Trainee: 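Below are the structure tokens for one structure; questions will follow.
Treat the numbers as computed from the prediction; the structure is a model and nothing was measured. Lettering follows sequence order; numbering is per chain, from 1.
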Protein chains: 2
Amino acid sequence: MRAITIKAAWNGHSDCQRCGIRESALFAELVEADFALLHDQIDDIDYPPGAALYHAGANGDWLFTLRAGAIKLVRYNADGSQRILRILRRGDICGLEVLVGSAYDHTAITLSPVMLCRIPRTLVERLNRDTPRLQKPLFERWHAALEEADAWLTELAAGHADVKTRVARLLCRLGNDGEPGLVTRLSLEDIGAVLGVAPESASRALGSLRRSNLLADVPGDRHHWRADTRGLAALASPTREN
Amino acid sequence: MRAITIKAAWNGHSDCQRCGIRESALFAELVEADFALLHDQIDDIDYPPGAALYHAGANGDWLFTLRAGAIKLVRYNADGSQRILRILRRGDICGLEVLVGSAYDHTAITLSPVMLCRIPRTLVERLNRDTPRLQKPLFERWHAALEEADAWLTELAAGHADVKTRVARLLCRLGNDGEPGLVTRLSLEDIGAVLGVAPESASRALGSLRRSNLLADVPGDRHHWRADTRGLAALASPTREN
DNA sequence: CGATATGTTGAAAAAAGTCAATGGCAGTGG
DNA sequence: CCACTGCCATTGACTTTTTTCAACATATCG
């Protein structure tokens, strides 16, 4: 591990009322009056790939809403190896746990250039006290996180599916909403840390997918792959009729 | 799979104010006045082993608090195999998700004789609307469920640990609070469904643990094992100094 | 007392891990 | 501009772990 000096770029305060992901954001159901409280408290920040938003166990003063890019939530084992527990995409929230305890449960690291909103914990707590409108979205966020964890346990964890199948499933989950066929690229080490396999095994699985024309590099773009989403999905689901 | 006719025994309404797990229960922080609302709405029910509390996708009208015994939360794959996502113990809640959507996310099946409280969804919703005291415990429950899912992903899912180690970790999690050294017994199929391994592999791991005197059957009790918790923990954690 | 479930064990096959060598590519510094 | 270095990915050969298939044991239940 090397020390990285990351310069996060501050883009000013967020205008939540005109936010591009407003309809899916935490504050979707707030009304005009509520937004007065938000003014100047939420910062709009960019991070380069590989930046740490926060570390597991650290005291948490902020929640984050991801507006573009991808973030991995990581936990480190006693032996120093990492395990990736979730990968967050546009519209996802991270750091929700600071509303319960005050420490972060995971380490959050950017996988690509990231644009996000940084929301003070105290603001969410105050809004939640003052209006009943925030509670439902908060419950829904908890539920979504749990659903995601459950899906990883069923689809991505070992058992009844070989590495190639699970890599295909992972790639399906990494699809970019905007451009179909474009998936965010992970390092072999990261794929290994998601699936619990050796990086070499991940490489062999990717190689096999490439040879089947289900996956290809994007020339000049080291942050994405080009993927045959339908083909991968067919491989990923055991929908064979026999 | 065989059809089972299960007769659940109704023990009358619960007296939440004098509940044995009151301090850790959902309603721990309610005050005297709130309990008036609870009267006669919460049922105290017993289930035999192998009973289904509810099925994934079914409409959910109840939450459950587990007062004794163990419950598995299961999801079925397309090919009919089961995956166990969590195992709930005394004090745990299941069915929280009905507060968000109205359908259950998993199938809940008892692993042993179970005593639980059945709470109507509408009651929790009303209480949560009328008093602010329920929100914090609800958030904490969501958080606890997510923590548990994350722990399973890191400790029990494959990767950097062989079957024997993971079985040892699972057994550590199955310890009974009341009687140290007594752990709730799972079938080989269930262990397989938790760890994502074949039942035969689970059997071999258990055999190895038995031969090391870390595990033994309890004569006359098919619902428990006797385990050397310290020895298992030593096996489970990679805390070797070398 | 069979009949069915569940658990155990052995032997062979398959999957994945490990170790090591190689190649490409980006960034660095002459 | 080019060699050099470090990082990451790929590939092969070999080892280990786990699965699979099968046979057999044990227990429960009508």
Trainee: Quick one: B:Asp190 CG to C:dT6 P, roughly how many Å, whole number?
Mentor: 10 Å

Trainee: Taking syn as any angle within 90 degrees of 0 and anti as the rest, which one fits C:dA13?
Mentor: anti

Trainee: Whole angstroms only, please: what is the CZ-C1' distance between B:Arg204 and D:dC21?
Mentor: 11 Å

Trainee: Could you please name the partner base of C:dA5, counting Watson-Crick and G-U wobble pairs only when both distances are under 3.5 Å?
Mentor: none

Trainee: Separation of A:Glu200 atom CD from D:dC7 atom C1', in whole Å?
Mentor: 15 Å

Trainee: Should the pair A:Trp142 and B:His143 be assigned to parallel (<30°), tilted (30 to 60°) or perpendicular (>60°) ring geometry?
Mentor: perpendicular

Trainee: Could you tell me whether A:Arg173 and A:Glu148 make a salt bridge, using a distance below 4.0 angstrom between a side-chain N and a carboxylate O?
Mentor: yes

Trainee: Reading DNA chain C from 5' onward, which residue's closest nucleotide shows up sooner: A:Ala161 or B:Ser187?
Mentor: B:Ser187

Trainee: As a quick check of understanding, evaluate side chain to side chain contact (heavy atoms under 4.5 Å, CB included) for A:Leu195 and A:Val167, giving each step before the final call.
Mentor: CA-CA 8 Å; A:Leu195 302 179; A:Val167 167; 3.6 Å; yes

Trainee: Rounded to whole Å, how long is the line connecting atom CD of A:Glu189 with atom P of C:dT18?
Mentor: 14 Å

Trainee: Within the 4.0 Å heavy-atom criterion, would you say B:Arg185 contacts the bases, only the backbone, or no part of the nucleic acid?
Mentor: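 Answer is sugar-phosphate: B:Arg185 comes under 4.0 Å of backbone atoms only.
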
Trainee: Does any part of the side chain of B:Leu186, heavy atoms only, come nearer than 4.5 Å to the side chain of B:Ile87, both counted from C-beta?
Mentor: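 In contact.
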
Trainee: Under 3.5 Å, is there a donor-acceptor pair linking the side chains of B:His13 and B:Asp44?
Mentor: no

Trainee: Measure from the side chain of A:Ser203, starting at C-beta and using heavy atoms only, and say which of D:dT10, C:dA15, C:dG10 lies closest.
Mentor: D:dT10

Trainee: Expressed as a whole number of angstroms, how long is the span from A:Leu188:CG to D:dC8:P?
Mentor: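 The distance from CG of A:Leu188 to P of D:dC8 comes to 10 Å, rounded to the nearest Å.
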
Trainee: For the pair made of CD1 in A:Ile191 and P in C:dG17, what is the distance, rounded to whole Å?
Mentor: 13 Å

Trainee: For the atom pair CG (B:Leu209) and CG (B:Leu171), what is the distance rounded to the nearest 0.5 Å?
Mentor: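 Answer for the CG-CG pair, B:Leu209 versus B:Leu171, is 6.5 Å.
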
Trainee: Nearest to the A:Val197 side chain among D:dT19, C:dG17, C:dA15, which nucleotide is it?
Mentor: C:dG17

Trainee: Judged by each residue's nearest nucleotide on DNA chain D, which is more toward the 5′ side, A:His160 or A:Leu186?
Mentor: A:Leu186

Trainee: Taking pairing as Watson-Crick or G-U wobble with both contacts under 3.5 Å, can you name the mate of D:dT26, or confirm there isn't one?
Mentor: none

Trainee: If each of A:Gly159 and A:Leu206 is mapped to the nucleotide of DNA chain D with the nearest heavy atom, which maps nearer the 5' terminus, i.e. the 5' end?
Mentor: A:Leu206

Trainee: Between A:Ser201 and C:dG17, does any side-chain N or O lie under 4.0 Å from OP1 or OP2?
Mentor: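 True: A:Ser201 side-chain N/O within range (under 4.0 Å) of C:dG17 OP1/OP2.
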
Trainee: Once side chain to side chain donor-acceptor pair (under 3.5 Å) is applied, what residue pairs with a partner in residues 85-98 of chain A remain, sequence neighbours excluded?
Mentor: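 For residues 85-98 of chain A: A:Arg86-B:Asp150, A:Arg89-A:Asn176.
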
Trainee: Can you pull out the residues from residues 208-222 of chain B that lie within a 4.0 Å heavy-atom distance of DNA chain D?
Mentor: B:Arg222

